[in-house]
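All remarks here apply to the structure that follows.
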Amino acid sequence: MALASIRPAAVAGQFYPRDERVLRTQLAELMSTAVAMEHARWPKAIIVPHAGYIYSGPIAATAYAQLTPMRDRIRRVVMLGPTHRVAVSGFALPAAQAFATPLGEVPLARADWLRLQARDDIVVDDRPHALEHCLEVQLPFLQSLLERFEIVPILVGDARPQAVANLLEDLWGGPETLLLVSSDLSHYLSYHEAQWSDRAAIEEILALRPGLDHEQACGATPINGLLLAAQNHHLHARLLDLRNSGDTAGDRASVVGYASVAFCEADPPSHARH
């Protein structure tokens, strides 16, 4: 693979450790304290936070713990997150064909990359991805957990929730595909204000009501699209973890909210289990 086609790690050493051994140790510690939900259906989609690991890593790990039984089944991860640095109209795919982290390179799903370019709401542009952290910080978790997988990394800019839902439908796939939306919740409220705001946002998410705004979640647009898609596929949302930086590694005067949510198929009726 030509060097120019690899998107290098942009936030290693800032959001998570640059040294491979230190990173693996931190990931192992985070996963060792995360608890998988007993008797829960395997998730089709997850919402995970994207701050530095000391702040949101424990909350993210709670979502990734649910994937452990699926480690040899998931082969494709569709990743959606908001653009923090570069404005995008619609959706942005990278031109790069792999993303690098200290744990190695993750290839893009090339067939999807080629096919998605036929959509008039998708641009291929490395610039929005170059310094964006929201997808990158998920990769070491996935690399440490899954055996072999490809990614479809999409940054969501100015787009309607229905367009996001249509894009997810296009990429839905089967049991081999995990849908991942990267988003934090409230930003820079006091501890108790954040608890109130984040709980209200979570109630909307659990009810599959696609009305979140960007004050409630920086990834409101991809979340709202996921909620529409979850309605269409009769998925149930399950809250896994809800905390903020005041609970993990920051002061409580100004915090950022984090949640992990899993979207699973409904349990079959009891008579269908026999």
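Just so it is clear, the values below take in all heavy atoms, side chains as well, and ignore hydrogens, waters and symmetry mates. As the structure is a computational prediction, the values presented were derived from the model and not from experiment.
- Between the side chain of S197 and the backbone N or O of E193 there is no donor-acceptor pair closer than 3.5 Å.
- Using a 4.5 Å heavy-atom threshold, the side chains of W42 and C264 count as separate.
- Looking at Y55 and V256, their side chains never come closer than 4.5 Å, going by heavy atoms from C-beta outward.
- Minimum heavy-atom separation, T177 to L171: CG2-O, 3.7 Å.
- No donor-acceptor pair under 3.5 Å is formed between the side chain of K44 and the backbone N or O of A262.
- Between S245 and R252 there is no side-chain heavy-atom pair separated by less than 4.5 Å.
- In the displayed structure, R160 atom CZ is contacted under 6.0 Å by at most 12 heavy atoms of other residues, nucleotides or ligands.
- Once rounded to the nearest 0.5 Å, the distance linking CG of N232 with CG of L227 reads 11.0 Å.
- Separating the CD1 atom in I223 from the CG atom in L228 is a distance of 12.5 Å, to the nearest 0.5 Å.
- Hydrophobic clustering (ILVMFWY, side-chain heavy atoms < 4.5 Å, transitive): V22 and L30 are in distinct clusters.
- The CG atom of L226 sits 10.5 Å away from the CD atom of Q231 when rounded to the nearest 0.5 Å.
- A donor-acceptor contact shorter than 3.5 Å links the side chain of E176 to the backbone of G174.
- A distance-only check finds a donor-acceptor pair linking the side chain of Q216 to the backbone of D213 [under 3.5 Å].
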Next on the checklist: Please determine whether side-chain contact (heavy atoms from CB on, under 4.5 Å) holds for the pair V181 and I46, giving the CA-CA distance in whole Å, both sets of side-chain angles, and the decisive distance to 0.1 Å.
Outcome noted: CA-CA 6 Å; V181 171; I46 56 174; over 6 Å; no

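- When all heavy atoms are compared, the tightest approach of L212 to A220 is O-CB, 3.7 Å.
- Rounded to the nearest 0.5 Å, atoms NE2 (H214) and OG (S186) are 14.5 Å apart.
- Within a 6.0 Å radius of CZ in F263, more than 12 heavy atoms belonging to other residues, nucleotides or ligands are found.
- Of the N and O atoms on the side chains of T83 and H129, not one donor lies less than 3.5 Å from an acceptor on the other residue.
- F91 is listed as a side-chain neighbour of L167, based on a closest heavy-atom distance under 4.5 Å.
- For the side chain to side chain contact (heavy atoms under 4.5 Å, CB included) with L23, the qualifying choice from T25, L27, D19 is L27, the only one to do so.
- Formation of a donor-acceptor pair under 3.5 Å by the R238 side chain with backbone atoms of V261 is not found in this model.
- Cluster annotation: I74 and L142 are assigned to the same hydrophobic cluster (Ile/Leu/Val/Met/Phe/Trp/Tyr, side-chain heavy-atom contacts under 4.5 Å, transitive).
- You'll find the side chain of T221 stays beyond 4.5 Å of the side chain of D158, heavy atoms only.
- Ion pairing of R115 with D170 is present here, as a side-chain N (NZ or NE/NH1/NH2) and a carboxylate O approach within less than 4.0 Å.
- At most 12 heavy atoms of other shown residues, nucleotides or ligands fall within 6.0 angstrom of atom CZ in R127.
- Summarising the local packing, CZ of R18 is surrounded by 12 or fewer heavy atoms from other residues, nucleotides or ligands at distances under 6.0 Å.
- Contact between P128 and V86 at its shortest, heavy atoms only, is CA-CB, 3.8 Å.
- The main-chain N or O of P107 is never found under 3.5 Å from a side-chain atom of R110 such that the two would form a donor-acceptor pair.
- Donor-acceptor pairing under 3.5 Å is lacking for the side chains of D241 and S260.
- Rounding to the nearest 0.5 angstrom, the gap separating the CG atom in L146 from the CG atom in D72 is 9.5 Å.
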Next on the checklist: Apply side-chain contact (heavy atoms from CB on, under 4.5 Å) to residues E150 and L108 and explain how you reach the verdict.
Outcome noted: CA-CA 5 Å; E150 298 177 318; L108 267 70; over 6 Å; no

Next on the checklist: Determine whether Y16 and F141 satisfy the following criterion, ring-ring contact (aromatic ring centres under 6.0 Å, His included), listing intermediate values before the conclusion.
Outcome noted: CA-CA 11 Å; Y16 60 89; F141 278 104; 9.3 Å; no

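- Nearest heavy atoms, A12 versus A9: CB-CB, 4.1 Å.
- In terms of heavy atoms, L80 sits closest to P222 at CB-CB, 4.2 Å.
- Remark: the backbone N or O of Q195 is not paired with any side-chain donor or acceptor of N244 at under 3.5 angstrom.
- Every residue meeting the ring-ring contact (aromatic ring centres under 6.0 Å, His included) condition with H133, not counting sequence neighbours, appears here in chain and number order: F15, H50, H84.
- Both I151 and W113 belong to a single network of hydrophobic side chains, linked directly or stepwise wherever heavy atoms of I, L, V, M, F, W or Y lie under 4.5 Å apart.
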Next on the checklist: What verdict does the side chain to side chain donor-acceptor pair (under 3.5 Å) test give for E265 and H236, after you've listed the backbone C-alpha separation in whole Å, the side-chain angles of each residue and the deciding distance to 0.1 Å?
Outcome noted: CA-CA 6 Å; E265 293 181 359; H236 287 199; over 6 Å; no

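- With respect to the salt-bridge test (charged N to carboxylate O, under 4.0 angstrom), the residues R24 and E20 qualify.
- Note that SG of C134 and CG of L155 are 5.5 Å apart. Values are rounded to the nearest 0.5 Å.
- With contacts defined as side-chain heavy-atom distances shorter than 4.5 Å, the pair C218/H187 qualifies.
- Using modelled atom types, one finds a donor on one side chain and an acceptor on the other under 3.5 Å when comparing D247 with Y191.
- Follow the hydrophobic side-chain contacts under 4.5 Å out from W196 and you never reach L185; the two are in separate clusters.
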Checklist entry - What's the verdict on side-chain contact (heavy atoms from CB on, under 4.5 Å) for I47 and L180, showing C-alpha distance, side-chain angles and the deciding distance? => result CA-CA 6 Å; I47 297 173; L180 183 158; over 6 Å; no

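- Shown here for A60 and V48, the closest heavy-atom pair between the two residues is O-CG1, 4.3 Å.
- Between D112 and R76, at least one side-chain N (NZ, or NE/NH1/NH2) sits under 4.0 Å from a carboxylate O, which counts as a salt bridge.
- Side-chain atoms of Q97 come within 3.5 Å of backbone N or O of A95 as a donor-acceptor pair.
- Grouping the Ile, Leu, Val, Met, Phe, Trp and Tyr side chains by contacts below 4.5 angstrom, directly or via other members, places M79 apart from V88.
- In this structure the side chain of L178 reaches within 4.5 angstrom of the side chain of L67, judged on heavy atoms.
- Side-chain contact of S32 with E29: a donor-acceptor pair under 3.5 Å is absent, judged by distance alone.
- With no hydrogens or angles considered, a side-chain donor-acceptor pair links Q143 and T101 at under 3.5 Å.
- For R7 and E136, the salt-bridge test passes: some basic side-chain N is under 4.0 Å from an acidic carboxylate O.
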Checklist entry - Where do L93 and V123 land on the side-chain contact (heavy atoms from CB on, under 4.5 Å) test, with the steps shown first? => result CA-CA 6 Å; L93 273 173; V123 297; over 6 Å; no

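- Contact of the R209 side chain with the I205 side chain is not registered, since no non-hydrogen atoms from C-beta on lie closer than 4.5 Å.
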